[in-house]
Amino acid sequence: MKSILLYTFYRPPNSSLDSIQQLNSSLDDNPESACVLLTGDFNLAIDWSLDHPSPTSAGGHLEDKFCELVGDYYLEQLISGSTHRDGNKLDLLLCNYPELIRNVITTSPEQYGYPTDHYILEFAIQQNFSRSQPIKRTIFDYERGNFEQLRNALNNTTFEDMPSENIDHHWNCWKEWFLTHVKNSIPMKVVTDTNSPPWIDGEVRHLLRKKYAALKRFRQSRTNAGKQKLRTLSQSVKYLVRQKHRDHLEKVKDSFAENPKLFWRYHKSVRRHRVSNRPEIVFNGETSKTAAHKAELFNTYFSSVFTSPRSSTNLEAVTRSPPLRTELQLSDIVISVDEVTDCLKSLDTSKASGPDGWFADYLNNRRQRVVVDCVASRWAPVISGVPQGSILGPVLFVIFINDIPEVTDGTSPALFADDTKVYKDVRSVTDCEKLQQTLDIWTQDNNIIFNASKCKVLSVTRKKDPITYPYHLGRNYLWRVENEKDLGVTLSYKLHWETHVNEIV
């Protein structure tokens, strides 16, 4: 486990160069092998989109010095996107061992109710590493295979199977029969997979050896020339690895049509080396570490959003068609071929097949389960909602919510797919209560629970003292925000466009 030096830094907007020099002096006191994690509000105008940081304005002396500091201590900036409501990147997360930092995300402060213009920064530190061992696999050696013998064996041997209606049983029996003949005709061999990415070639390895040699000499001499050479080699290695990686991705993309194996090999390697974002998950105070336990907890969480059908609703009477009339004495019925032919020819193919109850069967008795790392949870009943991932699901959802305009008396709704907005001209507390009543009526009549964490209140007004009403969904009160993105457009409470422009420019 590697020790980490955590620096938290704040530079006031109008401060002098002293703060940067003090930070540089503190970093210089650390040993060369120290792992440094530097984060805070720096208030510097720097472009981090390039391979190396660059001031965004000419003559930025503070920015130039800070960029030199980042290079001198081999720091890498790990936040992508803005960290401020105005679209700026003022808060930084820098580390000289970037492979230790994972899952860097920024979150709007309104989500947690924090009164700040800065986004909330979250990240994880991975401390435990183990050297990956070469992977050995046993595969068929097709170059030494006797395919003529295999063809003769398959042609002259009869596949015999026990009678069964289970298709999985037939498939397993045939597979075992086929592989038995293949193993008799094609030998096996053991191959070892290398752990180096394909873009780490001889040129990169040569430069890495030069870098570590320069590091060893610098630790012995501690000269400025040695430090500058080590810095140059470190930057060269970083830029070369990035370039090799980009070239490899272009090669994978360009060869997909002619050589799809290269694409799927890369895809498989990414999936194999991808680590779980959360090695442990917690739900209702219960912590899980194994894949099976995680799958069960996820399934429990997904099932918790279902609402039980009301006992007063007779679903069978509503959804099912009356039973078809049947004849008890089948022996008295005489059907001729001509009659059947005439009936088939008279059918209108543009009409539906009739009320046979298939749609009710489609919606009833549904089940779900969750798979985590190839381990499946137990089946759980799905008692509400539309079938996920189905063609009819969106249609059923639209039918379900299509009556919202009918119940919003005096309130204007706006529907787009699964995005719903309800707005009203509020001049008094009575208007607020009517808007709240509209939400309550529809949820109660339709036996549905809104996700309050995804619902917000935006009051469009220029009054100094606007009416603020505690809107709620069930027991959860809704967040009141000053800006909100709606279908790609950020709206402000004053209907100004500064925030939207800053986010997209």
Side-chain angles (χ1 to χ4, degrees), residues 7-15 19-20 37-50 53-57 60 62-63 66-67 70 75-95 101-124 414 416 419-423 426 451-471 476-505:
Y7 280 76
T8 56
F9 184 83
Y10 173 70
R11 193 193 75 84
N14 298 320
S15 61
S19 59
I20 304 296
L37 179 62
L38 173 61
T39 185
D41 183 4
F42 291 80
N43 286 303
L44 295 171
I46 297 176
D47 183 6
W48 298 94
S49 62
L50 306 175
S54 176
T56 57
S57 60
L62 286 173
E63 286 79 2
F66 186 75
C67 292
V70 171
L75 299 172
E76 185 171 335
Q77 209 287 123
L78 304 172
I79 301 176
S80 60
S82 61
T83 61
H84 193 271
R85 181 176 295 175
D86 293 336
N88 304 321
K89 185 178 291 186
L90 305 179
D91 304 276
L92 304 175
L93 176 64
L94 303 115
C95 185
I101 310 302
R102 301 186 296 114
N103 308 332
V104 181
I105 59 174
T106 55
T107 309
S108 174
E110 288 86 356
Q111 184 171 342
Y112 298 97
Y114 292 157
T116 177
D117 294 333
H118 295 257
Y119 291 164
I120 298 169
L121 173 65
E122 298 180 49
F123 59 91
F416 181 81
D419 185 271
T420 303
K421 294 173 287 295
V422 179
Y423 52 95
V426 174
N451 189 346
S453 63
K454 295 184 178 181
C455 300
K456 299 175 183 178
V457 177
L458 174 65
S459 296
V460 179
T461 179
R462 294 189 179 184
K463 293 182 178 180
K464 294 183 178 180
D465 298 316
I467 300 175
T468 56
Y469 184 83
Y471 295 102
N476 300 312
Y477 287 94
L478 303 183
W479 288 110
R480 183 175 294 275
V481 297
E482 295 182 352
N483 303 281
E484 182 63 20
K485 180 175 288 187
D486 178 34
L487 301 179
V489 179
T490 302
L491 301 176
S492 68
Y493 73 101
K494 290 186 178 180
L495 293 183
H496 290 168
W497 297 102
E498 287 86 353
T499 305
H500 176 70
V501 172
N502 291 332
E503 287 187 358
I504 64 176
V505 173

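- The main-chain N or O of Tyr469 is found under 3.5 Å from a side-chain atom of Arg480 such that the two form a donor-acceptor pair.
- Side chains of Arg85 and Asn483 form a contact here, defined as non-hydrogen atoms less than 4.5 Å apart.
- Taking NZ of Lys89 as the reference point, atom CG of Leu44 lies at 13.0 Å (rounded to 0.5 Å).
- Across all their heavy atoms, Pro12 and Asn43 have their closest contact at C-ND2, 4.2 Å.
- Side-chain contact between Leu62 and Arg11: present, with at least one pair of heavy atoms (C-beta onward) separated by less than 4.5 Å.
- Taking each heavy atom of Ser82 and Thr106 in turn, the nearest pair found is O-OG1, 4.1 Å.
- The side-chain heavy atoms of Ile105 and Tyr119, taken from C-beta on, include no pair separated by under 4.5 Å.
- Rounded to the nearest 0.5 angstrom, Glu484 CD and Glu110 CD are separated by 8.5 Å.
- Put simply, the side chain of Asp117 does not reach to within 4.5 Å of the side chain of Asp86, judged on heavy atoms.
- Across Thr39 and Leu92, no two heavy atoms sit closer than the pair OG1-O, 3.0 Å.
- In plain terms, the two heavy atoms of Asp91 and Thr83 that are nearest each other are N-OG1, 3.0 Å.
- Contact record, Glu122 with Thr107: OE2-OG1, 3.6 Å, taken as the closest heavy-atom pair.
- Within a 6.0 Å radius of NZ in Lys494, no more than 12 heavy atoms belonging to other residues, nucleotides or ligands are found.
- With sequence neighbours left out, the side chain to side chain donor-acceptor pair (under 3.5 Å) criterion links Tyr7 to Ser26, Asn30.
- Residue Leu487 holds its CG atom at 5.0 Å from NZ of Lys421, rounded to the nearest 0.5 Å.
- Taking the six-membered ring where tryptophan is involved, the planes of Phe66 and Trp48 are perpendicular, since the angle between them exceeds 60° and thus also 30°.
- Screening Asp41, Asn502, Leu90 for a side chain to side chain contact (heavy atoms under 4.5 Å, CB included) with His84, the sole residue that qualifies is Leu90.
- Ser492 places none of its side-chain heavy atoms less than 4.5 Å from the side chain of Glu498.
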All N/O donor-acceptor pairs, side-chain side in residues 460-467, below 3.5 Å, sequence neighbours left out:
residue	atom	partner	partner atom	Å
Thr461	OG1	Lys463	N	3.1

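- Between the side chain of Gln77 and the backbone N or O of Leu93, at least one donor-acceptor pair lies under 3.5 Å.
- Residues Ser459 and Thr468 form no side-chain contact, since every pair of their non-hydrogen atoms from C-beta on lies 4.5 Å or further apart.
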